[in-house]
Every structure is written in structure tokens, then in C-alpha cells.
Amino acid sequence: MKVKSHLVNESPPSPGKFKMEKSYVHRFRSRATLGKLTLWSILSVALILLVFLWSQSLRHSGPLDPARRYLTNGYAWGGSSWEKRVRSSARPRPDSGMMTVLVTGAAGFVGTHVSSALKRRGDGVLGLDNFNNYYDPSLKRARQALLERAGVFVVEGDINDEALLRKLFEVVAFTHVMHLAAQAGVRYAMENPGSYVHSNIAGFVTLLEVCKSVNPQPSIVWASSSSVYGLNTKVPFSEEDRTDQPASLYAATKKAGEEIAHTYNHIYGLSLTGLRFFTVYGPWGRPDMAYFFFTRDILKGKAIPIFEAMNGGTVARDFTYIDDIVKGCVAALDTSEKSTGSSGKKRGPAQLRVFNLGNTSPVPVADLVRILERLLKVKANKKVMTLPRNGDVQFTHANVSYAQRELGYQPTTDLQTGLKKFVWWYLRFYASGKKSAG
Ligand SMILES: O=C(O)[C@H]1O[C@H](OP(=O)(O)OP(=O)(O)OC[C@H]2O[C@@H](n3ccc(=O)[nH]c3=O)[C@H](O)[C@@H]2O)[C@H](O)[C@@H](O)[C@@H]1O
């Protein structure tokens, strides 16, 4: 501003005049600063607006498709090319048994293995997964990439999104639903109880609401858990044993799922099969599970907490290898009968089943660690501690004779063999050092 030049041409001011001139300059300066501020504010707002509009156009990349839904949580679905992908992924090979399966939780551990097994034998498979960050989402993305290569499209969305589920059934008449989406993990339930209610109860009900109302209704196979046996002391656990003493909220939500399944079977004629998985492990597994983070921490030289019971008693699990579980899941789908209802009305009694899928051979956690030490050729830094009161039970042991009879289920992989395959995968997967095991 030329305030100075304006003053330069004036005759030297008298002291009084000088005073007057000083306040004039001050006023002039304030007005000029105010003007500057307003101008900069307008420019900044305009800039922010421009950046926002630009980022929006990038996110939608291209002209907005009116049939495409953009949700606040960032999922995008709908539109003709999306529907084409959905249809193509769900189309069975003509020479197959013509099953069309919606697999929820497809980017999860069991979901990935089941989806690829079904696809391999020619079934039509569509995946659904919300890719939440309960554990490293990049592992889920790697599983998704594996499935994409096998021809399975994994739709990104939540089982609580009823509109999305309805859309999927509108595009494809699924004959089966393999429902594996869930909030897993026993101990995390004390940290985030709401996530268990959200996925294992609310999400399951939303899915069943959609399944009961479509025509034809699909048959549903879904993941329950060995944890429903809770404080049951009768071993081995068989399906008729008590399941009314859950030791964790996780177990309680799985047990609730079994009761909810009963209701939808009873009222709407949905065919429902629940599978009680016993501590499933293997390649592409879950980093929140002991065998997985023990491996990571043994390699890092970090201490691993090994739980033992109060009285120094053994804590053991009926660890079950993923390939055995996959066979059980596929057999459950193959033997599931059709639902009997249509468009929300029951037309007759429908199939309702619950099976144990375990290994029938519990192994103490201390032995699991010994096997890992041998396979990794590294001594573990063990920290033995009393089983905390966080929902863990002391012992699980499956009686699988019912699954054997009805599904031909016969686990064949012992822990040593299964862990060898896991460790081989783990070392290759994390070998580059680019990926971190958490
Ligand atoms: O069978 C099941 O239904 C359940 O199996 C696992 O639950 P869990 O058997 O507790 O599996 P891990 O968390 O891998 O624990 C395995 C064993 O290691 C022990 N453990 C765990 C963590 C630890 O720091 N130290 C330790 O000794 C546990 O007490 C348990 O005996 C899964 O996490 C559940 O999602 C699943 O439903």
C-alpha cells in the first residue's frame, strides 16, 4: 500500500497536525488490513470448495451412474457393470451341480478357502465382505486378490446392509448361502462387545430376513462355534450336550445365532445348517489366533504367553486343519435340503441341523508351541501364566460322529502336519519383508 507516498507530498506537519495525521494513517491501515483479510478468506473458501469438488469427482471417477449407490462408509455398489460382474461370478459351470452360492465373509480365513474350493469344482460363487480392520485388512485384500484370480468377485459391503442384500438376490437367484461373516475371537469380546452384537446377531438377522422373503428361498449353511459348549465338562462334546453356559459374549452371540436359526426355520421354512468349528487353523489364517501370533512372536524373539489352568492344569484345543473344515462346509452345502417357504411364507417343515466340525484330538497349548519351535528352528521365549478370566475355556474336544454319519466328515490332518503347511505359507507370505504380520 502506498501510505507513505501519500504522506511524502504533504508539508511537514505541526505537532497537532502530526497527531491527526498519525491516527488517519492508523485508520487507513486497519481498513486496508480488514480488506486484505476478507479477500484472503474468500480465496481460501473458494480453494477449499474446489479441492472438495475435485476429490469427489476423483472418487466417483467418471460420470455418476444413477443406479450406483454410494454409501457414507465408502462402499460403492450397483450399476450395470457391477451387476455384470456379480452375475458372471455367480454363474456355475454348465458341467457342475449348478449351485449358486453367496459366501459372506469371503475375504475371511474360512471364507476364502471355501469360496475357492466351490469355484474350483464349478459352482457359481459370489463373495461378500466388509473388509473391517479387526485384523490387518491387507491380509484380507491379499485373499481377495487370490479369489479374483480364481474368478470369484468379492462385493464390498456389510451383511447389515439390507438394500445391498436384496439387490444381490435380485440380480442372482442364489440356491445357497454360506454364511461365514462374523465377529470372531473369544477375548476381543471384552474390548468391543458391540461388534459381536452387530455382526453375529443383527447382521445374521438381516441376512435371514432377506433370505426368508426371496423366492426361491436359499438353503443356508453358517458358522457357529465350539465355544457354545462353554462351561460344559462332559467330553468329548457332542451336539446334544448343554450349550446354555457360554463363557464369553462371543460364545453367547453364536449360541443366540443357533436359536435365531431355529426361529427362522420354524416360522419361515428356511433350511439351516449350523457348523460348530473347533479352533480352525492353517495357511491364510487369522493373525488374532494363538498359533498365528505365536509364530510371529517366536520369530521376533518376543515373549509368548502360554495359558494354563488355575491348578496348573492343561489348557488344550481340538485344533482343526482348514482343509478338513472346507470338506465339512462343502458336504453341508451338498446335503442341505431346499428351504420350503416362499416369499416369506412357510409351506412345510424344513431341515434344521447343527454339526461339530473338529479334529477329535485335543492338543495342549504347550505342545502347539513345541511343534512351532521345531518347525521354525527357534526357541520360544515362553511366559506361562494362569488362564485369564477373559472368556477362554480350558478344554475343547469334538465328537464328530454325527457329521461323520450325515456329511461323511472325516478329519485327516494332525496338528504337526497342518502347522507345517501353515509355517511354510507364513514364511513365504511374509518373506519379502514388505508385508508385516502385525
Ligand atoms: O473353536 C472355536 O470356536 C473358536 O476358536 C478360536 O478360539 P480359541 O480356541 O480360543 O483359539 P485361540 O485364540 O487361537 O487360542 C488357542 C489356545 O491358545 C491359548 N492362548 C491364547 C492366547 C494366548 O496369548 N495364550 C494362550 O495360551 C488359548 O487359551 C487357547 O487354548 C477362534 O478364535 C474363535 O473365533 C473360534 O470360534
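As the structure lists them, so they are numbered: ligands from 1, and atoms in each ligand from 1. Heads up: numbering here begins at 1 and tracks the sequence.
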Atoms of ligand 1, numbered as shown, that sit under 4.0 Å from any heavy atom of [X]:
{"X": "F278", "result": "1 (O)"}
{"X": "S225", "result": "2 (C), 3 (O), 37 (O)"}
{"X": "G185", "result": "33 (O), 35 (O)"}
{"X": "S227", "result": "3 (O)"}
{"X": "V315", "result": "29 (O), 31 (O)"}

Just wondering, more than 12 heavy atoms not from R389 lying within 6.0 Å of its CZ?
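Incorrect, the count does not exceed 12.
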For [atom], what's the nearest protein heavy-atom neighbour? Residue, atom name and distance, please.
{"atom": "atom 11 (O) of ligand 1", "answer": "T279 CG2, 3.6 Å"}
{"atom": "atom 25 (N) of ligand 1", "answer": "P305 O, 2.7 Å"}
{"atom": "atom 2 (C) of ligand 1", "answer": "S226 OG, 3.2 Å"}
{"atom": "atom 37 (O) of ligand 1", "answer": "Y250 OH, 2.5 Å"}
{"atom": "atom 13 (O) of ligand 1", "answer": "R187 NH2, 2.5 Å"}
{"atom": "atom 28 (C) of ligand 1", "answer": "D392 OD2, 3.7 Å"}
{"atom": "atom 6 (C) of ligand 1", "answer": "M289 CE, 3.7 Å"}
{"atom": "atom 26 (C) of ligand 1", "answer": "F307 CD1, 3.3 Å"}

Do we see a donor-acceptor contact under 3.5 Å between the side chains of [X] and [Y]?
{"X": "K254", "Y": "S224", "value": "no"}
{"X": "R242", "Y": "Y229", "value": "no"}
{"X": "S227", "Y": "R276", "value": "no"}
{"X": "N200", "Y": "T253", "value": "yes"}
{"X": "D136", "Y": "S138", "value": "yes"}

Options G285, A290, P364, A184, ranked by nearest heavy atom to atom 16 (C) of ligand 1, top entry
A290
Out of T396, V365, V369, V384, who gets a non-hydrogen atom closest to atom 19 (C) of ligand 1?
V365
So, [X] side chain and [Y] main chain: donor-acceptor pair closer than 3.5 Å or not?
{"X": "K346", "Y": "H266", "answer": "yes"}
{"X": "Q351", "Y": "E337", "answer": "yes"}
{"X": "S213", "Y": "G344", "answer": "no"}

At under 4.0 Å between heavy atoms, is it the side chain or the backbone of [X] that contacts ligand 1, or both, or neither?
{"X": "K254", "answer": "neither"}
{"X": "R286", "answer": "side chain"}
{"X": "F292", "answer": "neither"}
{"X": "I306", "answer": "backbone"}
{"X": "R317", "answer": "side chain"}
{"X": "F395", "answer": "neither"}

Does [X] reach ligand 1, in the sense of a heavy atom lying below 4.0 Å from it?
{"X": "Q394", "value": "no"}
{"X": "L387", "value": "yes"}
{"X": "Y281", "value": "no"}

Check: L126 and V101 side chains under 4.5 Å, non-hydrogen atoms
no
Answer yes or no on whether K140 is positioned over the face of Y134, meaning its NZ or CZ is under 6.0 Å from the six-membered ring centre and within 45° of the axis.
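The answer is no, since K140 fails at least one limit relative to Y134.
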Cationic tip of R286 within the cone over F109's six-membered ring, i.e. under 6.0 Å and within 45° of the normal?
no
Nitrogen or oxygen of F277 less than 3.5 angstrom from that of ligand 1:
yes
Does V423 form a side-chain contact (heavy atoms from CB on, under 4.5 Å) with L372? I'd like the steps, not just the answer.
CA-CA 8 Å; V423 165; L372 286 176; 4.0 Å; yes
Note: E83-K167 ion pair, threshold 4.0 Å (strictly below)
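Judged by the 4.0 Å cut-off on N to carboxylate O distance, E83 and K167 do form a salt bridge.
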Is the F174-F169 ring centre distance short of 6.0 angstrom?
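Close enough - the centres of the two rings lie under 6.0 Å apart.
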